[in-house]
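Letters A, B, ... are given to chains in the order of the sequence lines, protein chains preceding strands, and every chain is numbered from 1. This is a predicted model, so every value here is computed, not measured.
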2 protein chains.
Amino acid sequence: MELFWLKGYGSTSIAEILSRTQINSGSLYHFFPGKQDLLLAVLEAYREGIGPMLLEPAWAGVGDPIEKVFALLARYRGLILETDCTYGCPIGSIALELHEPDEAVRRLLAENFTGWVAAIETCLQEAGDRLPASTDRRALAELVLTVMEGGVMQARTYRDVAYFDRSVEQLRTYFDALEKLACAK
Amino acid sequence: MELFWLKGYGSTSIAEILSRTQINSGSLYHFFPGKQDLLLAVLEAYREGIGPMLLEPAWAGVGDPIEKVFALLARYRGLILETDCTYGCPIGSIALELHEPDEAVRRLLAENFTGWVAAIETCLQEAGDRLPASTDRRALAELVLTVMEGGVMQARTYRDVAYFDRSVEQLRTYFDALEKLACAK
DNA sequence: GTCTATAAAAGGATAGAC
DNA sequence: GTCTATCCTTTTATAGAC
């Protein structure tokens with residue numbers, strides 16, 4: 001999991017995985033028929049971890065549903081800082097690295113996005129009439145993912161978290177405008 | 001250029017480049033000392049092509065500066081459709097594929113983003129007081145790039161252009177809100 | 001500058017004893 | 001289930017004649 005995140009799927013060799021885990025070739029291949037099966041397992045682990053490993057820590061002590069959205073983005077900001085601005089979303093990176101993924105891999109990538117977006121969408125629904133009734137909450141939740149992925153990509157390319165911050169700040173301005181619109185009605 | 005776009009940098013072999021171009025190994029290495037030098041040349045070509053190959057075609061017949069922003073996004077929508085929703089931005093894909101790029105590569109990736117964003121920023125400045133004076137035009141231009149990259153990533157992962165469309169539609173709503181704000185003042 | 005042949009290493013995966 | 005040894009392919013890059 002960590003090697004695929006740090007180096008990417010293609011650039012991680014089986015030899016490196018064996019050395020890192022102190023496992024022998026025979027044992028690994030006993031459980032995982034091929035390298036791609038390792039990727040499938042990793043993507044399943046990410047999917048299962050969205051709640052307990054990502055959202056719950058990010059949302060500890062945060063009750064307001066709209067603040068939850070920005071608390072999650074703040075968590076990514078922390079990851080960017082912790083990695084000296086080299087952070088890449090493991091799902092997004094693999095989604096762009098693999099140009100002709102197996103259908104099973106593609107589906108797991110999509111399921112990861114869907115799980116993430118669904119959690120945000122729930123927040124936006126909890127926000128009720130603080131957002132305009134006309135707002136497509138799913139589309140807005142997808143925009144939040146878009147902002148995270150696009151912000152992470154630019155922060156990493158420039159090695160500067162300010163690129164992430166500016167996109168998030170624009171998203172905040174958009175939310176403020178939506179709240180104002182909902183209020184006016 | 002095309003092979004790196006279609007297959008990624010790591011998954012494109014020199015042998016494939018030789019076969020595709022009908023060039024022999026000796027000739028290629030005479031001009032390009034190593035594979036990475038090919039990547040540098042490709043990234044320079046993309047940078048030089050932003051205007052003539054991307055913006056000018058996308059903006060043909062479009063005068064309104066804000067419509068130019070969405071015309072460019074519409075161009076990407078066309079690319080997504082032309083590739084059966086497998087389109088990946090060549091710059092963004094390589095930015096996420098390479099986890100420890102050479103400084104020269106990283107800088108060229110950043111320069112590509114900067115050129116793209118600068119063109120959008122110019123549009124936003126041309127929009128003048130149709131946007132609030134308080135709007136950070138650079139940050140907003142970066143958000144446009146963010147939306148393109150995030151939208152392309154999701155459309156590709158889901159193999160469905162609707163994911164791109166929804167993020168762009170949200171961006172449009174944001175622009176509408178900004179224009180309304182500017183008008184009210 | 002271009003050609004063919006090939007080096008040298010790294011890659012994923014397997015064999016077969018234990 | 002785990003161990004060591006190794007197979008076979010692919011990969012980037014080079015050698016050296018022309």
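Atom CG of B:L18 and atom P of C:dG1 are 18 Å apart (whole Å). One can place CD1 of B:I14 at 5 Å from P of D:dT12, the figure rounded to the nearest angstrom. Put simply, CD on A:Q22 is 11 Å from P on D:dT4, counting in whole angstrom units. One can place NZ of A:K35 at 15 Å from P of C:dA10, the figure rounded to the nearest angstrom. Rounded to whole angstrom, the span from the CZ atom of A:F31 across to the C1' atom of C:dT14 amounts to 17 Å. The CG atom of B:L38 sits 12 Å away from the C1' atom of D:dA13 (whole-angstrom rounding). Across the protein-nucleic acid pair, A:L28 atom CG and C:dT14 atom C1' stand 13 Å apart, rounded to whole Å.
Regarding contacts with the backbone of D:dC3, every side-chain N or O of A:S25 stays at 4.0 angstrom or more from both OP1 and OP2. The shortest distance between the side-chain N/O atoms of A:Y29 and the OP1/OP2 oxygens of C:dT14 is not below 4.0 Å.
In this structure, of D:dT12, D:dT2, C:dT2, it is D:dT2 that holds the atom nearest to the side chain of A:H30. Checking D:dT4, C:dT2, C:dA13 against every side-chain atom of B:N24, the shortest atom distance belongs to C:dT2.
Taking the ring centre of B:Y29 as origin, the terminal cationic atom of B:K35 falls outside the region bounded by 6.0 Å and 45° from the ring axis.
Where A:Q36 and B:G26 meet DNA chain C, the nucleotide closest to each residue was compared, and B:G26 sits on the side nearer the 5' end.
The residues B:D136 and A:R166 are annotated as not salt-bridged, no charged nitrogen and carboxylate oxygen being separated by less than 4.0 angstrom. In summary, B:R137 and B:E121 do not engage in a salt bridge, as defined by a charged side-chain N under 4.0 Å from a carboxylate O. Salt bridge status for A:K7 with B:E100: absent, with no side-chain N to carboxylate O gap under 4.0 Å. Comment: A:R130 does not engage A:E67 in a salt bridge, judged by the lack of any side-chain N to carboxylate O separation of less than 4.0 angstrom.
Between the side chain of B:S13 and the base of D:dT12, no donor-acceptor pair of N or O atoms lies under 3.5 Å.
Within 4.0 Å (heavy atoms only), A:S11 reaches no atom of the nucleic acid at all.
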